[in-house]
Amino acid sequence: MTRRTQLKLLASAALISLLPFAANAADAAKPKVALVMKSLANEFFLTMENGAKDHQKAHAAQYDLVANGIKDEQDTAAQIKLVEQMIVSKVNALVIAPADSKALVPVLKKAVDAGILVVNIDNKLDDAALKEKGFLVPFVGPDNRKGAKLVGDFLGKQLKKGEQVGIIEGVSTTFNAQQRTLGYQDAMTAAGVKVVGVQSGQWEIASANTVASAMLNANPNITALLCGNDNMAIGAISAIRTAGKAGKVKVIGYDNIQAIKPMLKDGRVLATVDQFGSQQAVFGIETLLKALAEKKTQATMGGVIETKVALVTKP
């Protein structure tokens with residue numbers, strides 16, 4: 001074997017031995033982004049998760065994704081544990097759709113203190129709670145009050161002044177539930193319609209069914225139910241049917257999930273709002289990737305990046 005051949009073989013061997021190291025170095029350089037959502041029993045959040053996964057597949061060289069959610073909308077403690085797990089896992093960035101606007105703030109402060117960049121989507125964190133803990137978290141998402149007024153105004157045009165309606169709200173401690181209720185109230189005030197009750201359906205079908213049944217029983221002259229999301233609209237429709245008032249009580253929702261589309265088509269639901277759930281997490285992820293690329297710190301992040309909403313009616 002010639003000296004030249006020996007050198008070529010040695011160089012090849014050295015290159016092969018370095019390949020695993022190079023691959024590991026590339027993986028290490030790739031940021032790990034965590035997505036922590038609310039209830040995966042809600043179709044809206046499954047759509048959100050799928051949108052995020054599709055984005056990661058299309059940008060696999062840019063980042064890794066860890067996606068998690070809780071079993072039901074009220075399991076705040078479980079969501080706090082998920083964030084704690086992400087801190088232990090040493091993710092680089094975290095996109096959070098908080099189950100509670102205030103309760104998640106302390107654990108998110110822990111994440112920021114651990115060097116994790118945090119972006120808030122879907123349900124805005126409470127400004128006072130953030131101020132108390134002394135940090136900023138940008139919110140990337142729609143104006144829920146604007147979206148609710150959009151669909152509420154559409155309903156209002158089909159009601160007469162003085163008619164009675166009820167509002168079925170999401171989890172009352174959440175910012176987006178509060179904002180949607182305000183938007184509905186804005187629309188009903190503009191239409192001269194009386195809101196006879198606001199009760200929480202906890203974002204869930206079964207809870208909303210119970211609330212709607214009680215509301216219809218206590219207020220037999222109700223002509224419409226304004227629901228904070230489509231899950232609760234589905235529960236309300238069932239209650240209306242059970243009460244023998246099918247076709248007599250109008251229903252609006254929010255989210256434009258697949259399950260609501262047949263109900264829009266046959267008129268059981270008058271209208272809903274599309275807030276483009278499949279893209280909400282993507283907007284948050286892209287905000288974080290840009291911040292990581294620019295080497296931003298949490299202290300330099302903040303404010304609101306508003307995303308679009310659209311009215312959806314009978315096709």
Side-chain angles (χ1 to χ4, degrees), residues 39 41-44 72-74 144 147-172 174 176-178 180-275 311-315:
S39 173
N42 184 338
E43 184 191 313
F44 177 77
D72 67 70
E73 299 281 358
Q74 299 177 73
N144 283 278
K149 189 174 186 302
L150 188 67
V151 67
D153 284 340
F154 183 79
L155 169 66
K157 290 173 184 175
Q158 302 186 45
L159 299 175
K160 295 175 183 176
K161 286 188 177 182
E163 285 192 28
Q164 298 180 2
V165 302
I167 296 175
I168 302 179
E169 186 176 63
V171 175
S172 299
T174 59
N176 57 346
Q178 296 163 2
R180 290 177 197 178
T181 294
L182 288 171
Y184 286 153
Q185 289 171 331
D186 292 341
M188 294 303 97
T189 298
V193 173
K194 184 179 180 182
V195 177
V196 295
V198 178
Q199 294 185 45
S200 175
Q202 308 295 336
W203 302 124
E204 305 282 357
I205 294 173
S207 297
N209 178 264
T210 301
V211 166
S213 295
M215 200 176 279
L216 291 168
N217 186 54
N219 304 278
N221 294 322
I222 279 179
T223 57
L225 290 172
L226 295 75
C227 304
N229 75 353
D230 287 342
N231 270 2
M232 296 191 296
I234 292 168
I237 290 162
S238 179
I240 290 166
R241 184 179 65 247
T242 301
K245 295 189 175 186
K248 297 176 182 177
V249 180
K250 296 177 175 63
V251 175
I252 59 172
Y254 201 110
D255 281 346
N256 193 34
I257 62 174
Q258 287 295 323
I260 212 72
K261 292 183 179 180
M263 300 177 190
L264 284 166
K265 190 173 183 179
D266 65 21
R268 283 175 290 170
V269 173
L270 182 67
T272 187
V273 175
D274 195 341
Q275 58 170 330
L311 177 68
V312 182
T313 59
K314 185 176 181 178

Minimal non-hydrogen separation, L159 against M188, with atom names: CD1-SD, 4.2 Å

Heavy-atom closest pair, residues F154 and A271: CD2-CB, 3.8 Å

Rounded distance (nearest 0.5 Å) linking atom CD of Q258 with atom CD of E43: 6.0 Å

Distance in Å, K149 NZ paired with L182 CG, rounded so as to fall on 0.5 Å steps: 12.5 Å

Whether T223 side chain and Q164 backbone form a donor-acceptor pair below 3.5 Å: yes

Reported CD-to-OG1 distance for the pair Q199 and T210, which is rounded to 0.5 angstrom: 10.5 Å

G166 versus M215, closest heavy-atom pair with distance: CA-SD, 3.5 Å

D255 side chain vs I257 backbone, donor-acceptor pair below 3.5 Å: no

Flag, side chain of E73 to backbone of V171, donor-acceptor distance under 3.5 Å: no

S207 side chain near M232 side chain, heavy-atom distance below 4.5 Å: no

Validation row: K261, V269 side chains within 4.5 angstrom (heavy atoms): no

Any donor-acceptor N/O pair, N209 side chain to I205 backbone, under 3.5 Å: no

Close side-chain approach of V195 and Y184, heavy atoms under 4.5 Å: no

Minimum side-chain heavy-atom gap K250-V165 below 4.5 Å: no

Side-chain (K245) to main-chain (P220) donor-acceptor, under 3.5 angstrom: yes

Side chain to side chain contact (heavy atoms under 4.5 Å, CB included), paired with L155, selected from V251, I252, L225: I252

Non-hydrogen side-chain atoms of N42 and N229 separated by less than 4.5 Å: yes

Point-to-point distance, once rounded to the nearest 0.5 Å, from CG of N144 to CG of L150: 12.0 Å

Minimum heavy-atom distance between V249 and I222, given as atom pair plus value: CG2-O, 3.7 Å

N/O donor-acceptor pair under 3.5 Å between S238 side chain and I234 backbone: no

Non-hydrogen atoms of E169 and A177 that approach each other most closely: OE2-O, 3.8 Å

Gap between atom CG of N217 and atom OG1 of T242 - 0.5 Å precision: 12.5 Å

Where I260 and A233 come nearest, the two heavy atoms and their spacing: CD1-CB, 4.2 Å

Backbone of Y254 reached by a side-chain donor or acceptor of D230 within 3.5 Å: yes

N231-E204 side chain donor-acceptor pair, cut-off 3.5 Å: no

